[in-house]
Amino acid sequence: MLKDITLGQYFPGDTLAHRLDPRTKLILVVLYIVALFCAKYFWTYALVALVLAVCVRISRVRLKALVRGLKPVLIIITFTAVLNLFYTKGEEPLWQWHFLSIYPEGILAAVFMVLRITLLIMGTFLLTYTTSPIHLTDGMESLMNPLKKIHVPVHELAMMMSIALRFIPTLIEETDKIMSAQKARGADFESGNLLQRAKAMIPLLVPLFISAFRRADELAVAMECRCYHGGEGRTKLHVLHYAARDYAAMVLGLAFAAGIFVLGRMGL
Amino acid sequence: MEPILRVEHLTHTYGSGTPFERSAVQDLSFQVEAGEFLGVIGHTGSGKSTLIQHLNGLLRPTSGHIYLDGTDIWAKPKEIRQVRFQVGLVFQYPEYQLFEETVYRDIAFGPTNMGLTPEQVDRAVREAAAFAGLSEELLDKSPFELSGGQKRRVAIAGVIAMDPKVLILDEPTAGLDPEGRERLLANIRAYHQAKGNTILLVSHSMDEIARNVDRILVLKDAHVLMSGTPREVFARAEELESAGLDVPQVTRIARALRDRGLAIDPAVYTTEELTAALLALKKGGSAVC
């Protein structure tokens, strides 16, 4: 059950999408999101979806894996769809019942909203599916480097992120173990009302927090033993380099975002 | 007499339908008699942990059956909790599961879940604490103030307090110093004698197993390699070594002595036995190096 969580999962591979510099991919995702929010109507949405489909094809990530990533946000998607459906007002209602009414504009807004969220999540998942967490944080650190001038602790932020990503599977495993141990003593996580269920989480959460703190402590000591003292003067084993394909990808990405922006302005 | 636990053709497959498919236990069958002290031994990845999680219904078999007192434990899946109260399972490093404010309340977690009255819970907690070698004044302390060894005893007491018919201990002495190990095992032996319950001790230390159990079950690559009394098992030292397991140190000495031409039983496994055998040889007047 817990093992189904796909957050930040990486599928190793050797496609163009995997080989691109992580910084390029981060910039491309930002451009993609900008384009997605400039999309106005069927034509532009179709174009964004087509570009995503091409990227998915290049990365050889299975569509099933991308769809599975949507599962946790299904409730949010449904909720926004329903809200848009009922709250967008137009001129002539298609259907009315007491205070509820549906306008054709509402249906369109709901459809576009669902499309927008779905495409947004699929696009960002494609990034984490094709980029290992280490590369991803490396890329972020290097992109945020200029912020060091205004005293943003860029290296520390990146380090925190890679540690957090690293410990997600460990903590999931730990949760599974503690759950089994408490079940062996008759704990019941599956039945009862909301309050009873919340209370049943205590025997799980207390040991989990304690072990998380213990791990953090041990990791801190281990890092200090290896003379970790922040990012200053630290060199990297793998230095990031832009290749020709990165420049090409960025030019294409910029053209794509600009194109969608213009088409969106035209109301397509 | 009906054995207390009967495992028939138990198979458990992880990740079926994916490329990571792997059988952790395969077609496993064995019985545990009531009141028996059984040792379960096997190399890492031999399926020990998977097996014991089936015995109290934490894992559901892919195929095969487990009978507790003659009834299939999955006959009524809704009442699997009743099975967990009767087959107490102490996990590896159980001290990481403590959560309550006081030792007393942590030990009381199991019996309270069983729905006992406060008086019954109180009796169960005090009795379990005594068996686990915890003194009365520790009961009001926070479990997080205790030493590692004491924490482990609290966790074991938490399972004993449910008064299970079968107690399963997964590597109960892992990470303890030799003295703490010996004391904990003495407590477990005393508990076994006082209660007459069935105990399964999972370990990879042959010495520990040899000195405590009536019968040994050896697992290798998801199968039962052999089962029998310690003497029977240690007599097959070559097979054990092929499974990546050692015979007890005393047995190794005895075998080395026999290889050098001494008439000694190569399956002895306690220091006392070896001493007796050596003394007998000396009295007999045969050449002792």
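Each chain gets a letter, A, B and so on, in the order the sequences are listed, and its residues count up from 1.
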**Q.** Straight-line distance of A:Asp188 CG to B:Ile80 CD1, nearest 0.5 Å
**A.** 12.5 Å
Q) Measuring heavy-atom distances to chain A, does B:Phe85 have an atom under 4.5 Å in its side chain, in its backbone, in both, or in neither? A) side chain
Q: Please examine the side chains of B:Arg81 and A:Lys183, heavy atoms only from C-beta on, and report whether any two atoms are closer than 4.5 Å.
A: no
Q.
Can you tell me which portion of A:Ser180 sits under 4.5 Å from chain B's heavy atoms? Options are side chain, backbone, both or neither.
A. both
Q | Per-residue contact mode, B:Gln53 against chain A (heavy atom under 4.5 angstrom) | A | side chain
Q: State whether the number of non-hydrogen atoms from other residues, nucleotides or ligands found under 6.0 Å of A:Glu218 atom CD is greater than 12.
A: yes
Q) Around A:Arg60, counting heavy atoms of other residues, nucleotides and ligands shown, do more than 12 lie under 6.0 Å from its CZ? A) no
Q: For B:Gln97 and A:Gln182, indicate whether the former's side chain and the latter's backbone hold a donor-acceptor pair under 3.5 Å.
A: no
Q) What distance separates B:Phe99 CZ from A:Met201 CE, expressed to the nearest 0.5 Å? A) 12.5 Å
Q | Atom OH of B:Tyr93 with >12 non-hydrogen neighbours under 6.0 angstrom | A | no
Q.
Quick check on A:Arg19: does its CZ atom have over 12 non-hydrogen neighbours (other residues, nucleotides or ligands) under 6.0 Å away?
A. yes
Q: Go through A:Ser211, A:Ala181, A:Pro203 and name the one with the most non-hydrogen pairs under 4.5 angstrom from chain B.
A: A:Pro203
Q. Between B:Leu89 and chain A, which part of the residue has a heavy atom less than 4.5 Å away: side chain, backbone, both or neither?
A. both
Q. Has the side chain of B:Asn113 got a donor or acceptor atom that lies under 3.5 Å from a matching backbone atom of A:Arg185?
A. yes
Q.
Counting only heavy atoms not in A:Lys64 (residues, nucleotides, ligands), do more than 12 fall under 6.0 Å from its NZ?
A. no
Q: Verify the neighbour count for atom NE2 of B:His54: are there more than 12 heavy atoms of other residues, nucleotides or ligands below 6.0 Å?
A: yes
Q: Heavy atoms only: give me the nearest B:Tyr96-A:Pro207 pair and the separation to one decimal.
A: O-CB, 3.2 Å
**Q.** Residue selection (most heavy-atom pairs with chain A, distance under 4.5 Å) from B:Asp106, B:Thr112, B:Leu59
**A.** B:Asp106
(Q) Atom CD of residue position B:Glu33 - does it have more than 12 heavy atoms of other residues, nucleotides or ligands inside 6.0 Å? (A) yes
**Q.** A:Arg62 CZ: over 12 foreign heavy atoms closer than 6.0 Å
**A.** no
